[in-house]
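Below is one structure, written out as structure tokens; comments come after it.
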Amino acid sequence: MSKNAIMAGLAIFVIAVLSPFWFNLGGTDAAPEPELSAKAKAAEKCVLDKYDMRANHMSLLDEWRDAVVRDADRKYHAVNGKEFQMSLSTGEDSCLGCHDNKENFCDRCHDYTSVDPYCWECHTTPKEINQ
Amino acid sequence: MLEIAIKGSKKYWIWLVVLCAVIGAGVLVYVDQFINGLMTTALSRDVSWGFYIANFTYLVGVAAGGVMVVIPFYLHNYERFHRITILGEFLAVAAIVMCLLFIIVDLGQPIRMLNVIFYPSPKSMLFWDMCVLNGYLFLNIVIGWKVLEAERNQIKPPAWTTPLIYLSIPFAIGIHTVTAYLYCGLPGRGYWLTAILAPRFLASAFAAGPAVLLLLCYLVRKVTKFDPGWEAMQTLAKIVCYALIANLFFFFCEIFVTYYSQIPGHMSHIDYLFFGLHGHNTMVPWMWTSMILMIAAAIMLVIPALRSNYTLLPYICGMVVIGTWIDKSLGIIAGGFVPSPLHHVTEYMPTIKEIMISLGIYGTGLLILTILYKLATRVKEEVRG
Amino acid sequence: MKKSRRSFLKVAGVSALGIGVAPALKAVATASASTPSAAVRTKAPEALEAKRWGMVIDTSKITDEIAEKIVLACHKSNNVPDFNHEPDKEKYPNTRPVNHKQELKWIWEEHFNNAFPDKEDDFLANKFKNLPFLVTCNQCKNPPCVRVCPTRATFKREDGIVMMDFHRCIGCRFCMAACPYGARSFNYRDPKPFIAKIDPAFPTRSKGVVEKCNLCAPRLAKGLQPACVEVSEGAITVGDLEDPNSEVRQLLGEKYSIRRKQELGTEPSVYYIM
């Protein structure tokens with residue numbers, strides 16, 4: 001393999017591997033700001049505190065799912081004393097019961113971080129039902 | 001050693017390009033299936049396993065058949081097989097890779113396939129299938145590579161390969177027994193619920209595997225300078241002969257038990273396969289073809305004059321491969337699922353998309369086989385001068 | 001040159017493995033640390049409980065209309081797709097034509113000879129010749145589908161219901177092959193276009209997972225009766241088979257009943273009063 005071929009191959013590789021960055025060139029968006037709905041603001045306390053939720057809501061939902069489906073437990077007594085239904089999308093005291101606008105709340109951070117959770121393939125949002 | 005694979009004749013490269021084209025087409029069709037779901041197949045609520053699992057079952061057999069060259073040489077020092085054990089081991093590697101690919105394309109949620117490892121379920125035969133298939137694949141890759149490398153450097157293979165080789169023998173029996181256990185432990189499927197399914201699978205495997213290997217020996221003789229040896233090929237033919245007779249005998253045992261006991265739940269499946277049920281008879285020509293091919297091949301293999309006929313033998317092997325393929329893949333699947341547990345008949349014939357994905361997987365297997373055989377034959381050519 | 005390239009690759013491979021393991025270990029450590037240990041998970045107080053849920057179908061009370069109502073109620077309340085429903089062309093443009101053989105059903109009608117193929121009879125009592133028999137998952141006590149699931153996505157809950165965890169299911173369809181009653185359906189395609197009106201009380205499923213009757217476990221947890229029971233006008237009763245005072249036990253004590261394919265040892269929990 002000649003030196004030129006190696007350098008050319010390396011250059012192509014580096015460009016290809018950095019391609020996600022080329023696609024996202026052109027200014028950064030501001031940090032995401034999820035909007036709390038009126039219901040959520042009125043409730044004041046959520047399942048966990050804000051920073052804990054932001055970091056761990058994925059594993060929390062995972063544990064809730066196992067508790068509901070496998071153990072038939074549905075009520076969650078949070079550390080802060082409030083009670084919640086261990087449900088993402090059904091009922092008043094589920095997650096979407098309070099945070100009823102997915103686009104202004106959930107999607108804000110998810111879109112910014114390019115996270116595409118497939119929860120929404122099954123767990124229907126209130127907007128979808130009312131459409 | 002892999003650098004051997006990138007030096008080849010024009011025909012070699014054209015063959016690789018053709019294979020890549022077939023694989024590419026299969027990948028494209030698979031993308032459609034991945035996005036839209038298995039609705040692109042002809043599978044149904046009643047027939048929930050089809051062409052993919054059928055081919056998987058057959059290829060597990062071909063992979064297990066490799067043990068038919070390993071046992072004589074490594075356990076009993078049958079020198080005639082010295083040159084072709086590597087061909088058997090590499091055939092097993094290609095076959096197992098195809099098996100794993102067929103399982104993956106059959107899954108409804110393939111991105112979750114690691115759940116089988118995260119949530120091990122020892123009561124499930126699929127869990128054990130995953131274990132033994134991957135174990136056998138790993139064993140054959142390591143053993144084949146090390147032995148070939150040692151031959152190239154003209155030294156003995158390292159000592160630790162010996163226990164691995166011995167381990168690969170029960171693993172080979174294991175992969176096909178576990179695959180049979182997937183089927184024969186299900187209480188609701190009369191065609192599969194028989195103790196003879198595992199022995200029948202093994203017999204069919206020991207006929208199909210060496211038959212494929214025999215055909216590959218012919219090919220290797222033609223396109224490379226490596227000669228596996230006519231005596232070795234004759235022994236392989238004898239193995240195919242007896243395994244095929246065993247397979248046919250086991251099947252006739254099944255026929256006897258079913259039809260002498262006259263139990264409708266068991267008869268209905270074989271009726272559907274060979275005579276049609278309630279007017280549905282898509283499988284009938286296929287099954288009779290399979291039986292005729294297998295019986296004819298068995299007779300021809302028994303007759304020494306025909307078995308040792310150099311020009312005729314590959315055609316007999318072709319008959320064995322086609323006959324056992326129909327019986328083991330289409331026959332097992334259609335017979336098991338039709339009629340359904342509620343005695344409804346829903347027929348199944350794969351769609352073009354299923355066939356294209358399957359061809360893509362066969363192309364992948366052939367690609368791996370080509371490259372591995374190129375290594376093996378080139379090393380042996382080098383060593384022999 | 002060859003030797004050092006090989007040893008370089010070996011070292012690189014091992015380090016890659018090591019670097020890969022470190023964040024995995026870290027994730028496990030932080031996950032266990034961040035679980036709020038003081039939070040408690042309990043059943044809802046209004047939940048209906050049983051030691052072993054069972055169903056009794058009084059075949060004398062089932063008519064064609066009631067059977068149809070039951071099937072509709074079940075499929076509506078559980079968001080089971082209906083392939084006869086035309087998808088909304090605006091919401092779901094370009095939906096491919098359906099294959100009715102890939103339909104999904106949780107409960108449906110069968111003739112006696114199909115529901116009980118082991119009891120096929122030329123001289124069957126006239127009453128049963130055209131009666132609709134409702135068949136569904138039998139919530140077996142010894143379920144073969146649970147034995148074969150490689151991920152335990154289908155499992156037997158403590159209260160006897162054979163549940164599906166749709167998040168864990170890899171869609172291998174082994175359970176469909178294992179079920180001796182043909183009770184399970186697979187989502188060969190995305191079901192959403194074929195659900196006329198999504199019931200918000202229960203999620204839909206995605207493509208690629210198996211589903212079946214779950215005895216309306218979410219409704220039982222809220223203290224409601226299963227959807228089929230509510231519209232059955234007394235034909236279907238669901239209750240605790242191990243409670244001698246339950247309604248199902250009283251029904252079974254009074255009248256003769258049969259179950260499907262009893263000789264297979266699956267111990268179905270669905271009884272048919274004849």
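Letters A, B, ... mirror the listed sequences (proteins, then strands); counts begin at 1. Quantities reported herein were computed from a predicted structural model and do not represent experimental measurements.
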Full working for side chain to side chain contact (heavy atoms under 4.5 Å, CB included) between C/Phe174 and B/Trp49: CA-CA 9 Å; C/Phe174 201 359; B/Trp49 276 348; 3.4 Å; yes
Given side chains that start at C-beta, do those of C/Met274 and C/Phe112 come closer than 4.5 Å, heavy atoms only? yes
Under 4.5 Å from any heavy atom of chain B, what part of C/Lys261 do you find: side chain, backbone, both or neither? side chain
Which heavy-atom pair separates B/Tyr183 from B/Thr57 by the least distance, and what is that distance? OH-OG1, 2.7 Å
Under 4.5 Å from any heavy atom of chain B - which part of C/Ala115: backbone
Closest approach of B/His266 to B/Gly190 (non-hydrogen atoms, all atoms of both residues): ND1-O, 3.6 Å
Residue from C/Pro150, C/Gly208, C/Pro144 scoring the most non-hydrogen pairs under 4.5 Å with chain B is C/Pro150
Of the non-hydrogen atoms in C/Glu211 and C/Pro81, which two are nearest, and what is the gap between them? OE2-CD, 4.3 Å
Of the listed residues (B/Pro120, B/Gly185, B/Ala42, B/Pro110), which shares the most heavy-atom pairs with chain C below a 4.5 Å separation? B/Pro120
Cation-pi check for C/Trp108 against B/Arg45: NZ or CZ below 6.0 Å from the six-membered ring centre and within 45 degrees of the axis, yes or no? yes
Which portion of B/Leu126 sits near chain C, non-hydrogen atoms under 4.5 angstrom: both
Between chain C and each of B/Gly265, B/Pro122, B/Gly188, count heavy-atom pairs under 4.5 Å; write down the option with the most. B/Gly188
Quick check for you: among C/Arg152, C/Met176, C/Arg189, which has the greatest number of heavy-atom pairs under 4.5 Å with chain B? C/Arg152
Is C/Arg260 in contact with chain B via its backbone, its side chain, both, or neither, using a 4.5 Å heavy-atom distance? side chain
Measure distances from B/Ile103 to the heavy atoms of chain C and classify the residue's part below 4.5 Å as side chain, backbone, both or neither. neither
Contact origin within C/Cys149 toward chain B - heavy atom pairs under 4.5 Å: backbone
In terms of heavy-atom proximity below 4.5 Å to chain B, should C/Ala183 be classed as side chain, backbone, both, or neither? backbone
Stepwise side chain to side chain contact (heavy atoms under 4.5 Å, CB included) test for B/Gln262 and B/Met267: CA-CA 7 Å; B/Gln262 289 280 298; B/Met267 284 199 300; 3.6 Å; yes
Quick one, B/Asp327 with B/Arg200, criterion side chain to side chain contact (heavy atoms under 4.5 Å, CB included). Give me CA distance, side-chain angles, the key distance, then yes/no. CA-CA 11 Å; B/Asp327 167 46; B/Arg200 190 151 95 77; 3.1 Å; yes
Verify whether one side chain among B/Tyr191 and B/Glu254 offers a donor that lies under 3.5 Å from an acceptor in the other. no
Below 30° counts as parallel, above 60° as perpendicular, anything between as tilted: where do the rings of C/Phe116 and C/Tyr272 land? perpendicular
Minimum heavy-atom separation for C/Glu109 to C/Pro132, with atom names? OE1-CB, 3.4 Å
Proximal component of B/Ile111, with respect to chain C [non-hydrogen, under 4.5 Å]: neither
Indicate the atoms forming the closest heavy-atom contact of B/Pro350 with B/Phe51, along with that distance. CG-CD1, 3.7 Å
With only heavy atoms counted, which part of C/Phe186 is less than 4.5 Å from chain B, the side chain, the backbone, both or neither? side chain
Under 4.5 Å to a heavy atom of chain B? For C/Phe166 that would be backbone
Identify which part of C/Cys179 has an atom lying under 4.5 Å from any heavy atom of chain B, answering side chain, backbone, both or neither. backbone
Is it the backbone or the side chain of B/Leu114 that comes under 4.5 Å from a heavy atom of chain C, or both, or neither? neither
Can you tell me which of C/Glu103, C/Arg96, C/Arg147 forms the most heavy-atom pairs within a distance under 4.5 Å of chain B? C/Arg96
Where on B/Ser48 is there a heavy atom nearer than 4.5 Å to chain C: the side chain, the backbone, both, or neither? both
Flag the one option from C/Cys172, C/Pro117, C/Ala177 with the top tally of heavy-atom pairs under 4.5 Å to chain B. C/Ala177
Among B/Thr41, B/Asp129, B/Asp106, who wins on heavy-atom pairs under 4.5 Å with chain C? B/Asp106
Top contributor to chain B interface from C/Lys105, C/His111, C/Glu120 [non-hydrogen pairs under 4.5 Å]: C/Lys105
Quick one: do B/Arg152 and B/Glu149 make a salt bridge, cutoff under 4.0 Å? no
No-hydrogen, no-angle side-chain donor-acceptor test under 3.5 Å, B/Thr346 and B/Asp46: yes
Sort B/Gln33 into side chain, backbone, both or neither according to what part of it lies under 4.5 angstrom from a heavy atom of chain C. neither
Checking B/Phe34 against chain C: side chain, backbone, both or neither under 4.5 Å from a heavy atom? backbone
